[in-house]
Amino acid sequence: MIRSEQERVRLESLAQLRQLGIDPYPAPAYPVDAHAAPLAAAFEEGKEVCMAGRILSRRIMGKASFAELQDSTGRIQIYLNRDELCPGEDKTLYNTVFKKLLDRGDIVGIKGTTFTTQTGESSVLVTELTVLSKSIRPLPSVKTDEEGKVHDAFTDPELRYRMRYVDLVVNPAVKRTFEARSKVIQAMRESFTERGWLEVDTPVLQPIPGGAAARPFITHHNALDIPLYLRIANELYLKRLIVGGFDGVFEFSRNFRNEGMDRTHNPEFTILELYVAYQDYHWMMETVEELLARACRAVHGNTKATLAGRDIDFTPPYKRVTMRDAILEHTGVDIDGMDEFGLREACARLDIEVEDAMGKGKLIDEIFGECCEHHYVQPTFITDYPVEMSPLTKAHRDNPEYTERFELFINGTEVANAYSELNDPIDQRARFEDQVRLAERGDDEAMFIDQDFLRALEYGMPPTSGVGIGVDRLVMMLTDQTSIQEVLLFPQMRPEVFRSGPDLGALEALGIPAEWAPHVAAAGFDTPESVREAKPAALREKLNGFRKKNKLDLPALQIEEVETWTGA
RNA sequence: CACCCCCUAGCUCAGCUGGUUAGAGCAUCUCACUUUUAAUGAGAGGGUCCUGGGUUCGAGCCCCAGGGGGGUGACCA
């Protein structure tokens with residue numbers, strides 16, 4: 001493995017620590033009794049503390065040094081004085097271990113006393129120093145100046161996502177985003193369990209990918225010799241549980257959809273699904289309002305958030321607009337009573353591209369998506385979707401052309417989707433059959449018929465309202481992020497290609513001495529074939545040039561020696 | 001999948017019209033320094049210019065192909 005200069009220095013320091021009898025990766029637990037942020041917040045001088053964390057910076061001034069120690073809560077300055085740390089004759093711990101062998105990024109434990117420096121910085125005077133973990137790779141050197149401006153920030157998205165561990169260490173705001181994510185989920189879970197609803201787990205591997213319109217990932221079960229799908233939704237399973245007699249069930253469901261990736265889509269994402277018996281979608285709107293307000297308070301302490309420079313107000317109630325009115329307002333088109341032909345004409349007038357496979361529902365969805373969606377910045381419920389685009393939703397109580405469904409839009413993005421659930425088994429069967437006809441027309445996202453689900457409905461499901469909330473997107477809204485990758489710890493990326501090191505053993509098999517083999521490889525001859533094909537004179541010249549340039553402590557090569565390698 | 005942009009030291013980035021030995025700040029190493037905080041001062045080392053071809057007397061720069069990433073569109077939540 002080829003190491004950078006800085007890595008080689010650190011490996012050498014590691015070896016020297018061992019020579020001094022210091023285990024750079026000790027086994028015993030370290031008895032931490034204080035953390036940086038709470039300590040600084042309620043600072044009192046003269047307190048004995050035992051802390052552990054990562055050294056983020058060092059300022060060495062001869063016999064005294066300052067360093068920043070970062071733990072899970074934040075950073076605190078530590079002060080190391082040679083004679084405080086090493087009161088006896090032996091100053092090795094300070095002079096050699098701290099000053100020479102430790103680096104930025106190393107994890108240490110310290111015991112000491114709190115005090116305030118001349119410049120007023122809350123600090124810890126270190127009296128004991130323990131190496132807890134030596135780091136081999138240098139961290140990016142992010143610095144913040146007096147005005148709070150960040151210099152040399154670690155910003156490359158590729159590196160940040162691939163090495164999230166580094167991102168979290170050097171970019172504190174990233175850590176706060178994921179703490180906020182956890183708070184949002186916790187607030188939702190508490191709100192449900194307080195009301196007696198049950199958190200459940202349903203299958204991720206499904207024989208029929210149901211409950212949504214999307215392309216699934218497919219896999220295969222060997223023992224059963226059947227295809228299985230990673231779930232695109234868990235809706236149909238949760239409804240089976242309502243049939244079974246639970247009043248309220250919910251699941252934070254990791255769903256998988258084999259579709260495009262962009263700043264609002266990741267192949268796997270998290271939806272909170274909640275189903276509550278004997279309720280309808282009006283009740284659900286109020287429930288969602290309260291839920292989002294609570295989630296916002298959990299993150300911000302109030303119901304206001306900022307997103308991409310715009311204030312978003314999560315204070316209930318939210319505006320409610322029917323889909324018909326939304327389209328009427330933004331396009332002048334009244335979809336009420338319009339047939340497929342009329343809709344196609346309207347799309348043509350509005351310059352919206354459509355495909356032959358699209359039915360009424362998809363056409364209306366296109367118009368809304370193109371002309372209306374982006375207008376809804378503040379949380380807004382769009383209600384009463386056309387029946388064709390909602391095969392699992394109860395028909396509207398006043399007009400069977402529409403359904404009792406709403407979606408919640410924030411900042412022009414769909415965040416939640418909810419229905420008065422269709423519980424009429426005859427109607428549900430007919431709706432599935434409509435989907436089959438769409439599939440026959442070429443709609444590859446039309447739903448499959450789930451016979452077992454229909455059987456469950458035939459046993460009787462109480463009137464139920466259900467909602468799915470896009471957790472990743474909600475977290476984006478609440479943490480001022482415009483990319484889903486910023487709220488997923490490990491967003492999906494193409495696998496990284498690790499350049500495998502040269503096969504030094506194969507080179508040595510040609511007769512190349514072990515001490516020369518890595519240099520031969522580094523000079524560009526990293527396979528036996530490349531050595532054998534080389535002209536001995538040219539190879540010798542190149543390697544001796546390499547030797548000189550890199551000041552290798554090896555005798556210059558003779559032509560006879562090189563000829564034995566190439567077999568010439 | 002289409003179009004546009006990016007890939008240079010550990011990190012952030014310069015690098016002109018193709019022209020000497022590819023630069024800067026931070027980081028690293030050596031020395032000095034007992035209250036600093038983007039510590040300071042002096043000195044030094046560090047490069048597969050993403051990869052592979054091509055054009056050229058000469059390529060980090062131009063051309064072709066490939067890889068990775070970002071943005072926009074399409075699809076979707």
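Protein chains get the first letters and strands the later ones, always in sequence-line order, with residue 1 at the start of each.
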>> How many whole angstroms separate atom CG of A:D106 from atom C1' of B:rA27?
In response: 14 Å

>> At 4.0 Å (heavy atoms only), tell me whether A:T144 reaches a base, stays on the sugar-phosphate, or touches nothing.
In response: sugar-phosphate

>> Looking at B:rU34, I'd like to know if its phosphate oxygens (OP1 or OP2) sit under 4.0 Å from a side-chain N or O belonging to A:Q118.
In response: no

> Is A:R473 close enough and on-axis enough to A:F269, meaning under 6.0 Å and within 45°, for cation-pi?
Replying inline: no

>> Quick check on RNA chain B: between A:L139 and A:P267, whose nearest nucleotide comes earlier from the 5' end?
In response: A:L139

>> Quick check on B:rG68: is either OP1 or OP2 less than 4.0 Å from any side-chain nitrogen or oxygen of A:R162?
In response: no

>> Between B:rC3 and B:rA77, how many Å separate the two P atoms, rounded to a whole number?
In response: 27 Å

>> Need the pair for B:rA59. Rule: Watson-Crick or G-U wobble, both distances under 3.5 Å, any strand; none if unpaired.
In response: none

> B:rU36 phosphate, OP1 or OP2: any side-chain N/O from A:R59 under 4.0 angstrom?
Replying inline: no

> Which sits closer to the 5' end of RNA chain B, A:R263 or A:E268, going by the nucleotide each is nearest to?
Replying inline: A:R263

>> Over all strands shown, is A:E414 touching base, sugar-phosphate only, or nothing at heavy-atom distances under 4.0 angstrom?
In response: sugar-phosphate

> Quick one: the side chain of A:E5 and the base of B:rG45, do they pair up donor-acceptor inside 3.5 Å?
Replying inline: yes

>> Quiz question: going by heavy-atom distance under 3.5 Å, is there a donor-acceptor pair between the base of B:rG69 and the side chain of A:D156?
In response: no

> Does A:K100 place a side-chain N or O at less than 4.0 Å from the phosphate oxygens OP1/OP2 of B:rC31?
Replying inline: yes

>> Using salt bridge (Lys or Arg N to Asp or Glu O under 4.0 Å), reason through A:E407 and A:R405 one step at a time and then give a plain yes or no.
In response: CA-CA 7 Å; A:E407 290 190 347; A:R405 172 181 180 182; 2.8 Å; yes

>> What is the distance, to the nearest angstrom, from the CZ atom on A:R8 to the P atom on B:rG10?
In response: 10 Å

> Can you check whether A:L56's main-chain N or O pairs, donor with acceptor, with A:R104's side chain at less than 3.5 Å?
Replying inline: yes

> What's the CZ-C1' distance between A:F66 and B:rU40, to the nearest Å?
Replying inline: 14 Å

> Can the positive tip of A:R82 be found less than 6.0 Å from the middle of the six-membered ring of A:Y94, inside 45° of the ring normal?
Replying inline: no

> Going by modelled atom types, is there a donor-acceptor pair between the base of B:rA27 and the side chain of A:Q6 at under 3.5 Å?
Replying inline: yes

>> Counting only Watson-Crick pairs (N1-N3 plus N6-O4 or O6-N4) and G-U wobbles (N1-O2, O6-N3), all under 3.5 Å, who is the partner of B:rC33?
In response: none

> How many Å lie between CE on A:M476 and C1' on B:rA77, as a whole number?
Replying inline: 11 Å

> Which value, in whole Å, describes the distance between the C1' atoms of nucleotides B:rC31 and B:rU17?
Replying inline: 45 Å

> Is A:N417 reaching over with its side chain to a backbone N or O of A:V467, donor-acceptor style, under 3.5 angstrom?
Replying inline: no

> B:rA77 P sits how many Å from A:E235 CD, rounded?
Replying inline: 12 Å

> Between A:K143 and B:rG25, does any side-chain N or O lie under 4.0 Å from OP1 or OP2?
Replying inline: no

> In whole Å, what is the span from the CG atom of A:L363 to the P atom of B:rC75?
Replying inline: 12 Å

>> OP1 or OP2 of B:rG67 versus the side-chain N and O atoms of A:R494: is any pair under 4.0 Å?
In response: no

> In whole angstroms, how far is the C1' atom of B:rG68 from the CD atom of A:Q485?
Replying inline: 14 Å

>> On the side chain of A:S4, is there an atom forming a donor-acceptor pair with the base of B:rG46 - under 3.5 Å, no angle test?
In response: no

>> Using OP1 and OP2 only, check whether a side-chain N or O of A:K63 sits under 4.0 Å from B:rU34.
In response: yes

>> Distance check needed: B:rA77 P versus A:I410 CD1, whole Å only.
In response: 17 Å

>> Would you measure the distance from the C1' atom in B:rG15 across to the matching atom in B:rA59 and give it in whole Å?
In response: 14 Å

